[in-house]
2 protein chains.
Amino acid sequence: MTLAEENYLKAIFHLDLESEDEVSTNAIAERMETKPSSVTDMVKKLAEKKMLIYKRYKGAQLTEKGRKIAAGVIRKHRLWEVFLVEKLNFHWDEVHEIAEQLEHIKSDELITRLDNFLGNPDFDPHGDPIPDKDGVLKRTEKKLLSELEKNHSGVCVGVKESSGGFLQYLDKKKIAIGTKINVLGKEFFDGSMVISVGNEQFFISKLIAENLYVQTI
Amino acid sequence: MTLAEENYLKAIFHLDLESEDEVSTNAIAERMETKPSSVTDMVKKLAEKKMLIYKRYKGAQLTEKGRKIAAGVIRKHRLWEVFLVEKLNFHWDEVHEIAEQLEHIKSDELITRLDNFLGNPDFDPHGDPIPDKDGVLKRTEKKLLSELEKNHSGVCVGVKESSGGFLQYLDKKKIAIGTKINVLGKEFFDGSMVISVGNEQFFISKLIAENLYVQTI
DNA sequence: TTACATATTTAGACTAAGCTAAAAATATAT
DNA sequence: ATATATTTTTAGCTTAGTCTAAATATGTAA
Ligand SMILES: [Mn+2]
Ligand SMILES: [Mn+2]
Ligand SMILES: [Mn+2]
Ligand SMILES: [Mn+2]
């Protein structure tokens, strides 16, 4: 697998989670920041390698083989992110770009040892689950903060968006993985909320609430 | 700098240390395991980028710019090797291939933090010096074991060859970085030696003696 | 059902990095 | 100094991955 092939598989894997049926050429192109024509070429190649099933004008669907390789790359990405944050003290908004590079290092032994060195973590610094050796992704019970009703509470377990800007906003508001959040009010009209975090109480927009995962308590 | 460009610069840097004048096309090709015609293309490109000075039919010479980039890649390679051995408990004969990949990860911050995490080591697991941030390579006083005379002693400080086979031979003989070696006898005719290491006493061929660096005591 | 809009594929071109085979320059040995 | 051998370069092809522009298929709305 080349670096480009791995990135395509990863993108298709993620898109597959977001919607059930086959993944469209344009969706892949948008996610990869490439042109649809480039995607067509690549999915044809990946289809030849039995990584996915491709039907002209329909889209792509990962095979078990392709799914496993994608999960392996995601596993590496997330383990490296844990390393960067836990061992090198990077901040959670600084690790993604570096992990994008590290995820392509090829050595099974390396990943096994890294995993052990890190204490076999289950989640990455953004709360995303780390696939196991066989590519199995543990599904956890989590919902978006926006789904909580007034007077309900949750513990932050992850972020949907993990752009620098969003993560820095959360820092400013003292929200991190493990932080308890109480919904004090919810505006039906625009989906905004008033929440309390620790002793602070403030307003958040719908956009924020829709990008924070919580586990209800 | 692409991965290929970095590898060429690294090869030329190493060849430059081994002999004073400009580095020949064939020498680069041999070291890179590519064809001379490919080397010609690449050195032209690197010359355009001011990484080296290239004179047709003469060879290549790194500029300060090229030398610094090469040293940076070597710095990364050796720091990662230290990480693999010290933190992930890899054996010294298993790390080179992985470091060949890791050395191309681009992030200054990563290397700064990795360096600190490792305690700012001066040498890699094979006894090779780690260039500093500015690409300066500390020259150390060391000689080949083959240069020692009978009844002299040295401490092993590095290996010239670091192939798996050679390193495994050293393990078998209980020779590692820091091991004291006494020359009990030296055969003028074939350069072989009788040495003692700890309580053991044995014969080594010239080939071995010419690939072990020692510091005299 | 026809017409328009959108999605997708095809055709053809480009760059990076490699190769082979042939040509040209340099080095060496009589 | 000439002939031969070696080294290096050039010319022309190849593959991976990308792009633009044009062609084609599919979806939608009158
Ligand atoms: Mn990430
Ligand atoms: Mn992550
Ligand atoms: Mn090495
Ligand atoms: Mn080394």
Side-chain angles (χ1 to χ4, degrees), chain A residues 1-13 15-16 18-62 66 69-70 73 100-101 103-106, chain B residues 1-13 15-16 18-62 66 69-70 73 100-101 103-106:
Chain A
M1 288 288 100
T2 67
L3 186 144
E5 288 170 346
E6 287 187 346
N7 282 335
Y8 273 94
L9 290 179
K10 199 172 47 133
I12 297 168
F13 182 96
L15 290 166
D16 209 22
E18 288 164 23
S19 70
E20 291 315 298
D21 41 357
E22 49 269 288
V23 180
S24 80
T25 301
N26 268 10
I28 299 170
E30 193 170 341
R31 183 154 198 131
M32 301 278 304
E33 300 185 46
T34 89
K35 300 294 166 179
S37 53
S38 305
V39 173
T40 301
D41 284 348
M42 183 56 96
V43 295
K44 279 180 183 171
K45 182 156 61 121
L46 290 170
E48 293 226 325
K49 293 196 176 190
K50 309 286 184 207
M51 293 296 157
L52 48 79
I53 289 159
Y54 165 61
K55 293 207 199 82
R56 280 163 78 252
Y57 293 101
K58 293 285 281 205
Q61 247 180 328
L62 293 183
I69 288 181
V73 175
E100 283 292 308
Q101 299 179 61
E103 73 188 3
H104 301 290
I105 302 292
K106 281 165 189 46
Chain B
M1 288 288 102
T2 67
L3 187 144
E5 288 170 344
E6 287 188 346
N7 282 335
Y8 272 94
L9 289 180
K10 200 173 44 132
I12 296 168
F13 182 95
L15 289 167
D16 209 21
E18 288 163 23
S19 70
E20 292 314 299
D21 42 357
E22 49 267 288
V23 180
S24 80
T25 301
N26 268 10
I28 299 170
E30 192 170 340
R31 183 155 199 134
M32 301 279 303
E33 299 186 46
T34 99
K35 301 294 166 181
S37 53
S38 306
V39 173
T40 301
D41 285 349
M42 183 56 96
V43 294
K44 279 180 182 171
K45 183 155 59 120
L46 290 171
E48 294 227 323
K49 294 196 176 192
K50 310 286 183 204
M51 294 295 158
L52 49 80
I53 290 161
Y54 164 61
K55 294 207 199 82
R56 281 164 77 251
Y57 294 100
K58 294 282 280 197
Q61 246 179 328
L62 292 183
I69 289 181
V73 175
E100 282 292 310
Q101 299 179 61
E103 72 188 4
H104 301 289
I105 302 293
K106 280 164 191 45

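Only heavy atoms go into these numbers, but all of them, side chains included; no hydrogens, no water, no symmetry mates. Lettering of chains follows the sequences in order, A, B, ..., and the numbering in each one begins at 1.
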Undergrad: Establish, with yes or no, whether the OP1 or OP2 oxygen of C/dT10 is under 4.0 angstrom from a side-chain nitrogen or oxygen of A/Arg56.
TA: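 True: A/Arg56 side-chain N/O within range (under 4.0 Å) of C/dT10 OP1/OP2.
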Undergrad: Could you give the CE-to-P distance, from A/Met42 to D/dC19, as a whole number of Å?
TA: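 That distance rounds to 11 Å.
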Undergrad: Starting from C1' on D/dA16, measure out to CG on A/Asn7 and report it in whole angstrom.
TA: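 It is 14 Å, rounded to the nearest whole Å.
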Undergrad: Nearest whole Å is fine: how far is C/dT15 P from B/Glu5 CD?
TA: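 Going from B/Glu5 (CD) to C/dT15 (P), I get 15 Å.
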Undergrad: Would you mind reading off the distance between B/Glu48 atom CD and C/dT15 atom P, rounded to a whole angstrom?
TA: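 Interatomic distance, CD of B/Glu48 to P of C/dT15: 13 Å.
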Undergrad: Could you tell me the separation between the OH atom of A/Tyr54 and the P atom of C/dA7, rounded to a whole number of Å?
TA: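 After rounding, the gap between these two atoms is 16 Å.
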Undergrad: Any base atoms under 4.0 Å from B/Lys44, or only sugar-phosphate, or nothing? Heavy atoms, all strands.
TA: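 Sugar-phosphate contact only - B/Lys44 comes under 4.0 Å of backbone atoms but never of a base.
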Undergrad: Check DNA chain D against residues 19-34 of chain B and give the residues with a non-hydrogen atom under 4.0 Å, in numerical order.
TA: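 Heavy-atom cutoff 4.0 Å gives B/Ser24, B/Thr25, B/Asn26.
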Undergrad: Using a 4.5 Å cut-off on heavy atoms from C-beta on, say whether the side chain of A/His104 contacts that of B/His104.
TA: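 They are not in side-chain contact.
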Undergrad: Who passes side-chain contact (heavy atoms from CB on, under 4.5 Å) against B/Glu18, sequence neighbours left out?
TA: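 Scan of B/Glu18 (side-chain contact (heavy atoms from CB on, under 4.5 Å), adjacent residues dropped) gives B/Leu15, B/Arg31.
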Undergrad: Nearest whole Å is fine: how far is D/dT8 C1' from B/Asp41 CG?
TA: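 In whole Å, D/dT8 C1' and B/Asp41 CG are 12 Å from each other.
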Undergrad: Report yes if some heavy atom in the side chain of A/Met1 is under 4.5 Å from a heavy atom in the side chain of A/Lys49; otherwise report no.
TA: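 A/Met1 reaches A/Lys49 side chain to side chain.
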Undergrad: For the base of D/dT10, is there a side-chain donor-acceptor partner from B/Thr40 under 3.5 Å away?
TA: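 Under the 3.5 Å cut-off, the side chain and the base do not form any donor-acceptor pair.
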Undergrad: Rounded to the nearest Å, what distance is computed from the CE atom of residue A/Met1 to the P atom of nucleotide D/dA16?
TA: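 Atom-to-atom, A/Met1 to D/dA16, this comes out as 12 Å.
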Undergrad: Taking the nucleotide of DNA chain D with the closest heavy atom to each, which residue, A/Thr2 or A/Ser37, is nearer the 5' end?
TA: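 By nearest-heavy-atom nucleotide position, the 5'-most residue is A/Thr2.
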Undergrad: Would you kindly give the OH-to-C1' distance between A/Tyr57 and D/dT24, to the nearest whole Å?
TA: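 In whole Å, D/dT24 C1' lies 5 Å from A/Tyr57 OH.
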